[in-house]
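Order of the sequence lines sets the chain letters (A, B, ...), proteins ahead of strands, with each chain counted from 1.
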Amino acid sequence: MTLDHTYISELAASEGKTVTLKGWLHNKRGSKGLYFLILRDGTGLCQCVVNEGEVDDASWTAADSATQESALAVTGLVRADERQVGGFELQVTRAELIHQAEEYPITPKEHGIDFLMNHRHLWLRSRRQWAIMRVRNRVIMSIHGFFQEQGFIQMDAPILTGNAVEGTSTLFEMDYFDTKAYLTQSGQLHGEAMAMAMGRIYTFGPTFRAEKSKTRRHLTEFWMIEPEMAFYDLAMTMQLAEEMLVRIVADALRDCSEELEVLGRDTAPLERATGPFPRLTYTEAVDLLKSDDTRRMVTEKMAALTDEQDALAAERTDNKARYGQAKKWEKRKMDAREIDIQTRLTDIEEQLRNLPRWQASADAFEWGSDFGGSDETLITWHYDRPIIVHRFPQEFKAFYMKRDPDNDRLALGMDVLAPEGYGEIVGGGERATDLAFLQRQVKEHGLPEEVFTWYFDLRRYGSVPHSGYGLGLERTVTWICGLHHLRETIPFPRTLDRLYP
RNA sequence: UCCUCGGUAGCUCAGCGGUAGAGCAUGCGGCUGUUAACCGCAGGGUCGUAGGUUCGAAUCCUACCCGGGGAGCCA
């Protein structure tokens with residue numbers, strides 16, 4: 001198809017030529033007889049220069065009256081200019097106002113999170129959200145590429161389910177004609193059925209958890225990728241998860257350098273995310289958590305934070321001393337810096353309060369319980385790349401997990417923990433294959449047997465060793481983008497008390 | 001469910017018993033190369049809601065509503 005306009009991302013091919021750009025006004029600067037229009041078209045930003053003497057009256061009026069987020073078609077000559085975002089600018093010969101925007105609520109200044117969340121439909125236009133959504137897109141395509149290239153079949157598990165698998169407390173319940181239905185919490189059991197039909201499959205779809213969690217790591221609706229493979233054991237599954245993550249990160253680094261730069265992501269930790277990932281058993285992880293190494297690490301971390309705190313306080317005093325004689329624009333800069341310093345100091349104070357608590361919780365940790373968020377963080381701080389923890393006590397793992405043949409107290413589960421405190425992004429393991437064992441497990445977990453009739457069939461007709469895992473898309477994108485909160489990684493986040501917009 | 005912080009102009013915030021403020025956004029004016037441009041002027045408010053204390057409440061107290069952060073649980 002031929003278009004009557006050019007995309008900003010394609011400007012390099014049009015240097016020296018006259019093209020038309022169509023988009024929205026991101027920002028505008030100007031002086032007498034001159035406007036700089038920063039145009040946004042979804043592929044990038046481009047500065048468009050309008051000189052009053054070089055365009056007709058209608059074009060000048062268009063430039064003059066265009067407000068933030070007004071829609072424009074701008075024609076002009078493409079010039080290389082190193083100073084500009086994207087490296088090019090447009091010397092405008094004609095400008096047309098397609099739609100004059102009303103006063104736009106999201107200004108170029110900072111906003112609070114509540115306001116931004118209420119305007120999520122508009123917030124998506126901002127540069128930072130643009131970058132995150134493009135990384136999300138890249139990650140999604142990498143995942144499909146990774147599985148498709150080795151012959152996995154993408155299959156969809158149902159979103160509406162008729163029976164509660166693991167209790168109803170975290171399920172969204174709804175009326176389904178004369179009975180009850182639930183939104184899926186995991187496609188895993190259906191994934192197993194599909195793997196028995198196709199060999200290796202993966203699901204890619206939304207998942208729902210009615211957990212009353214208000215944290216930076218939780219959504220009530222999120223996207224999960226769940227591969228399930230016949231004839232795979234635990235070791236093969238860990239290998240697969242590792243290769244998938246290495247691929248995702250490498251693709252993001254190669255194709256999203258501009259996006260990561262916009263986000264201010266330090267890419268060094270991502271560049272280290274190559275295989276092999278350290279693998280440690282749950283027992284080894286517990287030993288590490290309670291070790292002198294952990295104590296030393298926490299002490300060092302606290303010392304480093306205290307040093308940073310002192311440095312920031314000194315900078316602040318220095319700024320205050322110079323504030324009096326500063327020019328107005330310098331004061332602005334110093335005000336902005338003051339906010340940064342304050343934010344960082346609050347962070348540091350919180351960490352300094354948390355670390356002793358985390359250490360105490362680690363000291364008190366006993367073999368047999370599940371890791372809390374702080375335990376995971378302390379364990380991952382020992383490593384510079386993702387790690388895989390496997391072979392957990394079976395008590396706190398799902399009923400369908402296979403037992404370790406060498407130790408019946410252990411389940412053949414595995415978690416991949418992302419570095420830098422991002423924590424669990426993958427959870428999975430090898431599935432139990434024995435019908436009698438599963439029937440016993442269902443009983444012991446107090447689950448309704450009739451729900452599992454079809455699932456038990458899988459162990460009646462050609463039961464084979466098989467494994468799988470679930471990857472949380474938003475958590476993965478949060479880690480790659482280096483974000484503080486995962487709510488920015490999905491276009492319209494659904495949380496405990498937010499269904500709008 | 002629990003702990004904690006907050007709700008003042010369209011936005012971000014200051015004011016914390018004595019006449020409601022700033023920056024940005026908006027409007028008008030100025031500036032021919034700006035980079036969150038800059039300079040000047042102007043409009044813009046039931047200080048979350050309801051009670052209470054007080055001569056006087058944005059400010060103190062109580063309750064409720066809404067939101068942020070965290071815990072548990074999880075991807």
Side-chain angles (χ1 to χ4, degrees), chain A residues 26-38 45 47-54 65 67-69 81 83-85 89 91 101-119 126-127 166-167 169-170 185-188 206-226 327-329 331-333 335-336 338-339 342 346-347 350 353-354 357-358 361 370-374 376 396 398 415-418 422-428 469-479 484-487 489 495-498:
Chain A
H26 182 74
N27 198 3
K28 181 164 103 171
R29 290 179 283 273
S31 57
K32 188 175 172 59
L34 174 69
Y35 276 119
F36 300 98
L37 309 177
I38 312 300
L45 296 176
Q47 172 162 285
C48 305
V49 187
V50 187
N51 289 91
E52 188 173 13
E54 295 172 29
S65 55
T67 48
Q68 190 185 358
E69 290 303 318
D81 188 330
R83 290 168 298 177
Q84 305 311 332
V85 228
E89 70 172 18
Q91 181 60 49
E102 295 176 22
E103 191 178 331
Y104 191 65
I106 302 180
T107 64
K109 291 280 170 175
E110 74 272 8
H111 298 278
I113 193 66
D114 183 42
F115 176 81
L116 289 172
M117 291 292 268
N118 285 333
H119 294 81
S126 76
R127 192 144 168 72
E166 296 172 47
S169 63
T170 61
Q185 274 189 313
S186 161
Q188 192 218 300
T207 309
F208 306 87
R209 303 271 167 95
E211 289 163 359
K212 304 227 174 193
S213 330
K214 278 173 62 172
T215 82
R216 66 183 74 161
R217 298 185 309 281
H218 288 87
L219 294 168
T220 53
E221 176 184 307
F222 63 98
W223 287 68
M224 194 150 69
I225 294 88
E226 296 183 278
K327 298 223 168 69
K328 190 164 179 181
W329 66 270
K331 284 183 176 168
R332 292 262 169 78
K333 285 235 158 71
D335 288 344
E338 172 66 21
I339 291 169
Q342 189 53 53
T346 310
D347 269 8
E350 194 190 319
R353 265 198 315 275
N354 282 338
R357 260 185 261 160
W358 291 5
S361 146
D370 202 359
F371 295 124
S374 69
E376 277 184 4
F396 62 81
D415 286 349
V416 181
L417 307 180
Y422 283 99
E424 186 176 348
I425 52 175
V426 166
Y469 60 84
L471 168 76
L473 178 63
E474 286 76 17
R475 285 192 181 174
T476 304
V477 175
T478 305
W479 165 50
H484 182 69
H485 203 301
L486 95 170
R487 68 188 150 208
T489 62
T495 59
L496 186 55
D497 31 34
R498 193 173 288 280

Query raised in the report: Roughly how many Å is it from CG in A:Leu34 to C1' in B:U35, rounded to a whole number?
Result: 13 Å
Query raised in the report: Taking the side chain as C-beta and beyond, is there a heavy-atom pair between A:Gln91 and A:Asn51 under 4.5 Å?
Result: yes
Requested in this report: Could you tell me the separation between the CG atom of A:Asp114 and the P atom of B:C13, rounded to a whole number of Å?
Outcome: 11 Å
**Report entry** B:C47 versus B:C41 - spacing of their P atoms, nearest Å
**Finding:** 28 Å
Report task. Name the pairing partner of B:C55, where a pair is Watson-Crick or G-U wobble with both distances under 3.5 Å, or state none. Result -> B:G18
Requested in this report: Enter syn or anti for the glycosidic conformation of B:U32, syn applying to angles within 90° of 0.
Outcome: syn
Query raised in the report: How is A:Phe115 classified with respect to the nucleic acid when contacts are heavy atoms under 4.0 Å: base, sugar-phosphate, or nothing?
Result: sugar-phosphate
Report task. Quote, to the nearest angstrom, the P distance that separates B:G27 from B:A37. Result -> 15 Å
Requested in this report: Whole angstrom is fine here: how far is it from CZ in A:Arg217 over to C1' in B:G72?
Outcome: 10 Å
Query raised in the report: Base, sugar-phosphate alone, or nothing: which one does A:Glu474 contact when heavy atoms must sit under 4.0 Å apart?
Result: nothing
Query raised in the report: Would one find a side-chain N or O of A:Asn27 under 4.0 angstrom from OP1 or OP2 of B:A37?
Result: yes
Query raised in the report: Within the structure, does a side-chain N or O atom of A:Arg487 lie under 4.0 Å from either OP1 or OP2 of B:G69?
Result: yes
Requested in this report: Sticking with atom C1', work out how far B:G67 lies from B:U8, rounded to a whole angstrom.
Outcome: 16 Å
Query raised in the report: Of A:Asp415 and A:Thr495, whose closest RNA chain B nucleotide lies nearer the 5' terminus?
Result: A:Thr495
Requested in this report: Using atom types as modelled and distance alone, determine if a side-chain donor or acceptor of A:Arg209 lies under 3.5 Å from a backbone N or O of A:Gln185.
Outcome: yes
**Report entry** Steps toward side-chain contact (heavy atoms from CB on, under 4.5 Å) verdict (A:Arg487, A:Ile113)
**Finding:** CA-CA 10 Å; A:Arg487 68 188 150 208; A:Ile113 193 66; 3.4 Å; yes
Requested in this report: Only one of A:Val477, A:Leu219, A:Thr215 passes side-chain contact (heavy atoms from CB on, under 4.5 Å) with A:Leu486; say which it is.
Outcome: A:Leu219
Query - Check: B:G33 base within 3.5 Å donor-acceptor of A:Glu89 side chain - result: yes
Query raised in the report: Looking across every strand, which nucleic acid part, if any, lies under 4.0 Å from A:Asp81 by heavy atom: base, sugar-phosphate, or nothing?
Result: base
**Report entry** Nearest-angstrom distance from the residue atom CD of A:Glu69 to C1' of B:A25
**Finding:** 14 Å
Query raised in the report: Toward the 5' end of RNA chain B, which comes first, A:Gly427 or A:Arg216, by nearest nucleotide?
Result: A:Arg216
**Report entry** B:U59 and B:U54, which share atom name P, separated by this distance in whole Å
**Finding:** 16 Å
Report task. Identify whether a stacking contact exists between A:Phe36 and B:G33, where the ring centres must be under 5.5 Å apart and the planes under 30° apart. Result -> no
Requested in this report: Please determine, for B:C74, whether a Watson-Crick or G-U wobble partner exists with both distances under 3.5 Å, and give it or none.
Outcome: none
Report task. Answer yes or no: is there a donor N or O on one side and an acceptor on the other, between the side chain of A:Glu226 and the main chain of A:Gly187, under 3.5 Å? Result -> yes
Report task. Just name whichever nucleotide pairs with B:C24, Watson-Crick or G-U, keeping both distances under 3.5 Å, else none. Result -> B:G10
**Report entry** Atom-to-atom span, CZ of A:Arg127 to C1' of B:U35 - whole angstrom
**Finding:** 12 Å
Report summary line: If pairing means Watson-Crick or G-U wobble with both distances under 3.5 Å, then the partner of B:G69 is B:C3
Query raised in the report: Using a cut-off of 4.0 Å on non-hydrogen atoms, how would the nucleic acid contact of A:Gln188 be classed: base, sugar-phosphate, or nothing?
Result: nothing
Query raised in the report: When all nucleic acid strands are considered with a 4.0 Å heavy-atom cut-off, which category describes A:Gln47: base, sugar-phosphate, or nothing?
Result: base
Query raised in the report: When we call it a touch if two heavy atoms are under 4.0 Å apart, what does A:Leu473 touch: a base, just sugar-phosphate, or nothing?
Result: nothing
Query raised in the report: NA contact type, A:Gly423, heavy-atom cut-off 4.0 Å: base, sugar-phosphate, or nothing?
Result: nothing
**Report entry** Expected output: side-chain A:Gln68 to main-chain A:Ile106 donor-acceptor under 3.5 Å
**Finding:** yes
**Report entry** Pairwise C1' distance, B:G43 and B:A9 [rounded to whole Å]
**Finding:** 11 Å
Requested in this report: Report the distance from atom CD of A:Glu103 to atom P of B:G44, rounded to the nearest whole Å.
Outcome: 15 Å
Requested in this report: Check the pair A:His218, A:Glu474 against side-chain contact (heavy atoms from CB on, under 4.5 Å), reporting the backbone distance first and the verdict last.
Outcome: CA-CA 9 Å; A:His218 288 87; A:Glu474 286 76 17; over 6 Å; no
Requested in this report: Measure from the side-chain heavy atoms of A:Met224 and tell me the nearest of B:A75, B:G27, B:C74.
Outcome: B:A75
**Report entry** Gap in Å between the two C1' atoms, one belonging to B:C61 and one to B:A42, rounded
**Finding:** 41 Å
Query raised in the report: Using the P atom in both, what is the distance from B:A57 to B:G52, to the nearest Å?
Result: 12 Å
Requested in this report: Measure from the side-chain N and O atoms of A:Thr476 to the backbone N and O of A:Gly472, and report whether any donor-acceptor pair falls under 3.5 Å.
Outcome: yes
Query - Donor/acceptor link under 3.5 angstrom from A:Arg29 side chain onto base of B:C31 - result: no
Requested in this report: Would you mind classifying the nucleic acid contact of A:His485 as base, sugar-phosphate or nothing, using non-hydrogen atoms under 4.0 angstrom?
Outcome: sugar-phosphate
Requested in this report: Would you indicate which nucleotide in B:C74, B:G33, B:G72 comes nearest to any side-chain atom of A:Ser31?
Outcome: B:G33
**Report entry** Distance in angstrom units between A:Ile38 CD1 and B:U35 C1', rounded
**Finding:** 7 Å
Requested in this report: Mind checking A:Asn354 for me? I need base, sugar-phosphate or nothing, with any heavy atom below 4.0 Å counting as a touch.
Outcome: nothing
Query raised in the report: Looking only at atom P, what distance separates B:U53 and B:U62, rounded to whole Å?
Result: 15 Å
Query - Between CG on residue A:Asn118 and CG on residue A:Leu116, distance to nearest 0.5 Å - result: 9.0 Å
Query raised in the report: Across all strands shown, which nucleotide pairs with B:G29 by Watson-Crick or G-U wobble geometry, both distances under 3.5 Å?
Result: B:C39
Query raised in the report: B:G72 C1' sits how many Å from A:His218 NE2, rounded?
Result: 9 Å
Query - Side chain A:Gln84 and base B:U34 donor-acceptor under 3.5 Å - result: yes
Query raised in the report: Taking any strand in view, what nucleotide pairs with B:U49 in a Watson-Crick or G-U wobble way, both distances under 3.5 Å?
Result: B:A63
